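Working notes, structure below.
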Amino acid sequence: MVCLGNICRSPLAHGIMEHLAKENGLDWEIESAGTGNWHVGEGPDRRSTRTAREHGIDISKQICRLFRISDFDYYDKIFVMDRSNLSDILSMARNAEDAKKVALLLGDKIVPDPYYDDTQFEPVFRMIEAGCKEIIEPYLH
Ligand code: 4NP
């Protein structure tokens with residue numbers, strides 16, 4: 001799960017997908033990362049932590065890190081939140097195989113950056129949750 005700062009959106013996506021996978025007995029390894037380095041080493045934004053907690057998900061122990069090229073090797077899928085994340089990550093792809101792993105979390109819609117608007121954390125949580133549910137759905141039967 002990738003966004004710009006790795007403190008607002010991708011930590012939520014990481015926590016929500018991990019929660020859904022566990023709840024459904026799927027042994028998926030979920031991680032998150034950012035394309036910008038401002039917050040590396042920090043925990044998630046408090047507003048994301050609080051919103052997740054209100055939905056019964058603990059993201060407080062996540063640590064912000066940068067996306068790295070080796071993530072293309074390690075992970076099967078790389079989900080990004082918006083089109084600028086998409087172009088940033090695609091610009092790091094070494095080949096078509098790397099690029100094929102990258103997709104917008106919401107398919108054809110974006111998850112907007114809530115960083116400058118406190119009221120957007122709950123709607124962003126719901127958007128991400130809906131996207132994660134859609135992704136996991138085919139694996140539940
Ligand atoms: P995120 O939000 O990409 O959802 O983690 C942001 C967090 C911090 C910054 C930008 C976006 N920043 O510029 O510090």
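Note that this is a predicted model, so its numbers are computed, not measured. As the structure lists them, so they are numbered: ligands from 1, and atoms in each ligand from 1. Each residue takes its place number in the sequence, starting with 1.
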Suppose we measure from [atom] to each protein heavy atom; which comes out shortest, and what is that distance?
| atom | value |
| --- | --- |
| atom 11 (C) of ligand 1 | Asp113 OD2, 3.0 Å |
| atom 3 (O) of ligand 1 | Gly5 N, 2.8 Å |
| atom 4 (O) of ligand 1 | Arg9 NE, 2.8 Å |

Give a yes or no answer on whether the side chain of Asp58 reaches the backbone of Ser60 with a donor-acceptor pair at less than 3.5 Å.
yes
Assess the pair Phe67 and Phe72: is the distance between their ring centroids shorter than 6.0 Å?
yes
What are the atoms of ligand 1, with element, lying closer than 4.0 Å to any heavy atom of [X]?
| X | answer |
| --- | --- |
| Cys8 | 1 (P), 2 (O), 4 (O), 5 (O) |
| Trp38 | 12 (N), 13 (O), 14 (O) |
| Leu4 | 3 (O), 10 (C), 11 (C) |
| His39 | 8 (C), 12 (N), 14 (O) |

Within 6.0 angstrom of Glu54 CD, more than 12 heavy atoms from elsewhere
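Yes, because the 6.0 Å sphere around CD of Glu54 holds more than 12 heavy atoms from other groups.
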How about His55 and Glu122: does a side-chain donor come under 3.5 Å of a side-chain acceptor?
yes
Side-chain donor-acceptor contact under 3.5 Å, Glu29 with Tyr74:
yes
Please determine whether any non-hydrogen atom of Met81 lies less than 4.0 Å from an atom of ligand 1.
no
Tell me, with the steps shown, if Asp71 and Arg65 meet salt bridge (Lys or Arg N to Asp or Glu O under 4.0 Å).
CA-CA 12 Å; Asp71 288 326; Arg65 73 160 171 91; 2.9 Å; yes
Does a side-chain N-to-carboxylate-O contact under 4.0 Å join Lys101 and Asp98?
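Not counted as a salt bridge, because no side-chain N and carboxylate O are separated by less than 4.0 Å.
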Less than 3.5 Å between some nitrogen or oxygen of Cys3 and one of ligand 1, yes or no?
no
Under 3.5 Å between some N or O of ligand 1 and some N or O of Tyr116?
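Not met; the criterion fails.
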Side chain, backbone, both or neither: which applies to Ile7 and ligand 1 if a contact is any heavy-atom pair less than 4.0 Å apart?
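Both backbone and side chain.
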With heavy atoms only and a cut-off of under 4.0 Å, state how Asn6 meets ligand 1: side chain, backbone, both or neither.
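Near ligand 1, Asn6 shows its backbone, while the atoms from C-beta on stay back.
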Counterpart residues, side chain to side chain donor-acceptor pair (under 3.5 Å), relative to Thr51 (two or more places apart)
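Thr51 satisfies side chain to side chain donor-acceptor pair (under 3.5 Å) with no residue once adjacent residues are dropped.
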